[in-house]
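Chain identifiers are assigned alphabetically (A, B, ...) following the order of the sequence lines, protein sequences preceding nucleic acid strands; residue numbering begins at 1 within each chain. Atom set for the values below is all heavy atoms of this structure, side chains included, hydrogens, waters and symmetry mates excluded.
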Protein chains: 2
Amino acid sequence: MKIGELAKRSGLSAHTIRYYERIGLLPVADRDAGGRRDYDADILVWIAFLHRLKTTGMPIRDMRRYADLRAKGDHTAPARQQLLRAHRENVRAHIADLQAALLVLDTKIDTYVAAEKRTQNHDDRDARNPAGARTARLGRD
Amino acid sequence: MKIGELAKRSGLSAHTIRYYERIGLLPVADRDAGGRRDYDADILVWIAFLHRLKTTGMPIRDMRRYADLRAKGDHTAPARQQLLRAHRENVRAHIADLQAALLVLDTKIDTYVAAEKRTQNHDDRDARNPAGARTARLGRD
DNA sequence: CCTTGACTTAGAGCATGCTCGAACCCCTAG
DNA sequence: CTAGGGGTTCGAGCATGCTCTAAGTCAAGG
């Protein structure tokens, strides 16, 4: 498979694929007779895994470390495992953080909904004071 | 409160506080007699909220939009609510993504653990073939 | 044979979000 | 009154992760 097809299949651009090779995330590709990169289909599995790591916030330097270990052979398995364990903990912590934020957002949205209702009632019964003090809290945050 | 103290209390650096003011995330601060920024304590609440938005992945341009709406007064409340709803959905989606990734990581880590055990047994019973084919899969990803 | 289009390289440029340096000002305590 | 430790502005610089340009090579179809 040439770089253009790999780009289509992996979702990366050809530019990005070359970039990833340059920085050591992808193995140096084999070349065909004309000197073009020629990929084996299983590179897609590795790219998908890299994508997972990326979307879960692993910086490229850590992905490189993992890739380097992988390239060094089986005896680096414990180190790779350790890397993944550390990353898993980061992801866990991140999820916890996001869940806490979700509560805050929900509360805040509820506040807006409640204020909306108050304004509604207010307008219904007292249209002469549409910017009344009872809704002034909305401007605070 | 002067900028140095706000920096300590908010966790932002004074540099960052000025930067946030410049780009419109923080309101233009009042000045004291000597022309220095003088803050009211409740700016901390706003900064904490910004921090939430930031750690949940909202780009600065969206935070600015929210800040701008806030500055325009109560009638922008529906727009702000809408912004937060959209953000909440992003956060939800992000959480789902991370949870899926967590499963992948757990599976992968388990694979390493299992391979380790196999190597262990193998070494115990057949120390002449420590790099045997049964663990070669480890180099694949 | 010649055009077309995908490929090659090195290196510049961009978007985001800070982070820092330089040069200067001003208040307070010793 | 003078040194120190804030503060001020403007603008450059940095880290990350791409993204694109320029100039050129190469293979295949009309």
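Remark: B:R31, B:G35, B:R36, B:R37 in residues 29-37 of chain B come within less than 4.0 Å of DNA chain D through at least one heavy atom. Taken residue by residue, residues 5-22 of chain B places heavy atoms nearer than 4.0 Å to DNA chain D at B:R18, B:R22.
In this entry the distance linking CD1 of B:I23 with P of C:dC18 reads 7 Å, nearest Å. Here C:dC7 presents its C1' atom at 16 Å from CE of A:M1, a figure rounded to the nearest Å. Whole-Å rounding puts the B:L50 CG to C:dC18 P distance at 10 Å.
A salt bridge links B:R92 to B:E89: at least one charged side-chain nitrogen sits closer than 4.0 Å to a carboxylate oxygen.
Taking the six-membered ring for Trp and thresholds of 30 and 60 degrees, B:Y66 and B:F49 have ring planes inclined between 30 and 60 degrees apart.
Within the 4.5 Å cutoff, no side-chain heavy atoms of B:Y20 are placed close to those of B:I47. Contact of the A:I43 side chain with the A:S10 side chain is not registered, since no non-hydrogen atoms from C-beta on lie closer than 4.5 Å.
At distances below 3.5 Å, not a single donor-acceptor pair connects side-chain atoms of B:D38 with backbone N or O atoms of B:R31.
With sequence neighbours excluded, no residue forms a side chain to side chain donor-acceptor pair (under 3.5 Å) with A:R52. For A:H94, the ring-ring contact (aromatic ring centres under 6.0 Å, His included) test picks out B:H94, with sequence neighbours left out. When the side chain to side chain donor-acceptor pair (under 3.5 Å) test is applied to A:R85, the partners found at least two apart in sequence or on another chain are A:Q81.
Note: the hydrophobic cluster containing A:I23 also contains A:L6 (ILVMFWY, side chain heavy atoms under 4.5 Å, direct or indirect links).
Remark: B:K54 is in phosphate contact with C:dC18, judged by side-chain N or O atoms under 4.0 Å from OP1 or OP2.
Protein chain A contacts DNA chain D from D:dT16 to D:dA27, reading 5' to 3' and using non-hydrogen atoms of the protein with a distance under 4.0 Å.
Tested against B:E5, the residues B:R9, B:K2, B:K8 include a single side-chain hydrogen bond (donor to acceptor under 3.5 Å, both in side chains) partner, B:R9.
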